[in-house]
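Everything below concerns the one structure shown next.
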Amino acid sequence: MIRRPVDVPLSRRGFIRAAGGFGVACGFGFLAAPASAASARDPRFVVIILRGAMDGLSAVPPVGDPDYATLHGDLAFAASGDRAALPLDSGFGLHPSLAAFKTLYDLKQAMVVHAVATSYRDRSHFDGQDVLESGNPGPGRTDSGWLNRTLAALPGPAKGAIRGLGVGATAPLVIRGPAPALGWAPPGGLAPAGADLTQRVLDLYAHSDAVLGERLHAAVAAEKVAAEGGGEPGSTKKPGGGPVDQMRAAAAGAGRLLATPGGPRLAALAFDGFDTHQNEGAAQGLLAQRLQGLDASFEALHASLGEAWKDTIVIAVTEFGRTVRVNGTHGTDHGTATAALLAGGALAGGRVVADWPSLRPERLYEGRDLYPTADLRGVIKGLIAEPFGLSAKALAETVFPDSAQVAPTRGLIV
Amino acid sequence: MAINPSDAAAVTAFNRFGLGARPGDLNDAARDPRGFLLEELWTANVALIRDHAPPSGAEALQAYYLEQQALRAERAKMAAAAMQTAMLAPAPPAGPGMTAAPAIRGPSASPPPGPSAASPAAAKAEPPKAPASKPAVEQAQFLAEAQARLQKQLEARAGFVERLVAFWSNHFAVSVAKSGELRAAAGPFEREAIRPHALGKFSALLGAAESHPAMILYLDNQNSIGPDAAPGKFAGRGLNENLAREIMELHTLGVGSGYTQADVAEFARGLTGWSVAGPDSESGAPGGFAFKPNWHEPGPRKILGKTYAEAGVEQGRAILDDLARHPATARHIATKLVRHFVADDPAPDLVAMLAKRFQDSDGDLAVVASALVSDDRAWVAPRVKVRTPLEFVVGAARATGFAPHDPGFYLQALNLLGMPLWQPSGPNGFPDMSDGWASPEGMKARLDIAWAMGQRMRGGAEPLAVLKSTLGETAASPETVQAVSRAESREQALALLFMAPEFQRR
């Protein structure tokens, strides 16, 4: 449980508001980098990869954008009423599943970067995730990830002393590579297949193998009954608990390891199931459940990192966003820009950072997607440069190759 | 798009008869799929594990016996020490700052001098956890055997011979769940009894299997004593029919083939004395086969109308030789082979052909195997059989080039899919009918394992490329291609490929 602040200091509001309000023309350069005592810190950095392309317009709905409600249709949230999002500043809201994140936001220990994208502009999950995790400008190379190369680029004594951690049965690409990293997976047996994969297999059988489909369907239905009142098919009766519990457990374990003196300091986790082509839902539904798991993982990191939370930065990123308009199956298709969720005591949080492109139809990318106005590589550079003492050259050549033109976003950390 | 016939036949060669195609394999087999299988079949020593083979069965059992002796001695010592302590003074309370380390040491109290605990592995930081105790010797041997088998299956050209090895291993089923001895001896059983004879004469395979310590211990023959052997010496102990019955019912003639209870009992008497040399044995090297003449029921035996003169251990061998050549055995084996490779409901004409080849060749199993894959009927049968968990898991690993250094995941997957390695629920082995595997809970387990494999086997594998190199350029359905290409991640794409009907059925 994250305790709410008794009194949110309002004095900073004016400073923060300017960063991303509608109608306020601003870039990132507006924020001055506060002085930092980086040398006294023992920084932690956690990357959460959200596979499947998270709908940034539902996770962090731009409720103040006049075109949002119309375009995002029955998936849209509102500033108030029975479809209300959790209120943020400057015309944005938060998905109701992100309650713990909201508390951190109010504590200025969480923030959102919106209308952000990698350098990838096509719509293949596989290639998109490769670009997101490899840190290369385009798809095709998957020999190492940018977080692993960050370890290799650390200056002087930090190199070798600071180590990485990959969570899960196999480490996500972002932490794989030549620099050695620890591997850890939550105990409790294999994680079962989730609802999305189950449905895809059932759909495939519906078209091509009635017998296998009938058998699998029977097993899934039986589990649903056993779960009394639903829950995700395939998620019950398993040692690891439901998907939300699994995400929480993965984050809690990572947090404990990161809190350990001499333990790893850079960690990567990956959560799947964000490819919401069908029945994406609003306050309830497929996306709501995944976001609930993500929220639980932020909460678990906060709790398990303890004292170290003040030196921590967590960033949850996805390969691309989803279409602004709703498709014919109550979902959204592959898009471009989306939101990145950041949490941690080292952040200058409590705000939405965005050079908001607006959702006016003529402003949409290729007439369908949120237009990207921020490069995710710049955001990450802005988060890791100072705490880990990385030079501009290392960031532009080693961590994110060929990215000299992408400047670090300033002012994200305290 | 039309299905390329040689593509389809190559997929059949790998999935119906082998362990699945690795990248590039389909091309190699497409020209002549049958020839591809026959070539593997006729490769010299192809069934043997020769490089880095684990210790022999006798060595494994000796090590197990030694460890058991040491543990017994240790327990006795600790019990004596505890008794003494209790008599001298009450144990001091463990206060703060006092570690109770010596008291919680495992059975191996003082580590032998040599490599210290500060090994490179220990330097690798891990989340704090209880110190892992050394696995028992039989478990270490089991893991080494599992790894050797997995490696052999992953490296096999077509996997046809490995499928035959697994078939015979399941036909002559033993289970590691029976005892520590079986856990130590099950792997050696497959390497020493099955592999050398899987492409040889059935009579030799039968003789090797029934006289291997693993089989004797599994079916309790080491305790079977002739009622009239050394009269009075073994009061209260006697005949055990288990091995004799299962040989007739499962390994040779087959149930309902005309033998009687009297035949079983008579055969059991013929097998008395077939035993295993224990740790203090005088009848052979410990852990090996031992014939104990004074346990053997003296006199002639009459089985299925034929009389076998007293000949010690040779009496049992003579009976086995005749069972191996019995026409019912040929039919039983032929039926099981066709059921395993081709269809749940074996076509009688194909069974009859194989049974005839079996008899004509005096049970030459390479001839029988080659007759199976040379027959059109074995190829044109519809692809409806569901792959066994072994074929499913190994097939996925071969498709993606997944080759772990330890067998942990492979064993875990087989456990969860209901086919734990060398651990069938009974001497009849694992079922060989699709319904046994494709039950609702079986399919759910497959889905979970497919997902777990998708995550582990992702390693740079391009799902659509894997699809093409395992299921062929044209043999996969458009629905499967679409499902794989639209997946939300590579992990999910591979899981969908593994669950596709074309991957599941063969």
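Labels below follow one simple rule: chain letters A, B, ... track the order of the sequence lines, proteins then strands, and each chain is numbered from 1.
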Tell me, side chain or backbone of [X] under 4.5 Å from chain A's heavy atoms, or both, or neither?
X: B:S439; answer: backbone
X: B:A487; answer: both
X: B:A438; answer: both
X: B:A450; answer: neither
X: B:R446; answer: neither
X: B:E502; answer: neither
X: B:V384; answer: neither
X: B:Q455; answer: both
X: B:Q412; answer: side chain

* To do: Give the intermediate values and the outcome of side chain to side chain contact (heavy atoms under 4.5 Å, CB included) for residues A:R176 and A:E133.
  => CA-CA 9 Å; A:R176 291 206 301 261; A:E133 297 185 66; over 6 Å; no

Closer than 4.0 angstrom, basic N to acidic O: yes or no for [X] and [Y]?
X: A:R200; Y: A:D275; answer: yes
X: A:R322; Y: A:D333; answer: no
X: B:D344; Y: B:K385; answer: yes

Verdict with supporting geometry, A:E319 and A:Q129, side-chain hydrogen bond (donor to acceptor under 3.5 Å, both in side chains): CA-CA 5 Å; A:E319 65 262 31; A:Q129 286 164 31; 2.9 Å; yes

Discussion item. With salt bridge (charged side-chain N to carboxylate O under 4.0 Å, His left out) as the criterion, how do B:E491 and A:R51 come out once you've worked through the C-alpha distance, each side chain's angles and the decisive distance to 0.1 Å?
Written reply: CA-CA 10 Å; B:E491 292 88 331; A:R51 295 192 198 286; 3.3 Å; yes

Sort by residue number and list every residue of residues 205-215 of chain A having at least one heavy atom under 4.5 Å from chain B.
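Counting heavy atoms that sit under 4.5 Å from chain B, the residues of residues 205-215 of chain A involved are A:Y205, A:H207, A:S208, A:D209, A:V211, A:L212, A:R215.
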
- Which value, rounded to the nearest 0.5 Å, describes the distance between A:N327 atom CG and A:E280 atom CD?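 Between A:N327 CG and A:E280 CD, I get 8.5 Å after rounding to 0.5 Å.
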
Ring-face cation contact, B:F142 with B:R183, 6.0 Å cut, 45° max:
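Yes.
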
So, do B:W422 and B:F430 have ring centers that fall under 6.0 Å from each other?
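Centroid distance B:W422-B:F430: not below 6.0 Å, so no.
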
Discussion item. Determine whether a donor-acceptor pair (N or O, by modelled atom type, separation under 3.5 Å) exists between the side chain of A:H334 and the backbone of A:R123.
Written reply: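 Indeed, once roles are kept as given, a pair shorter than 3.5 Å links the two residues.
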
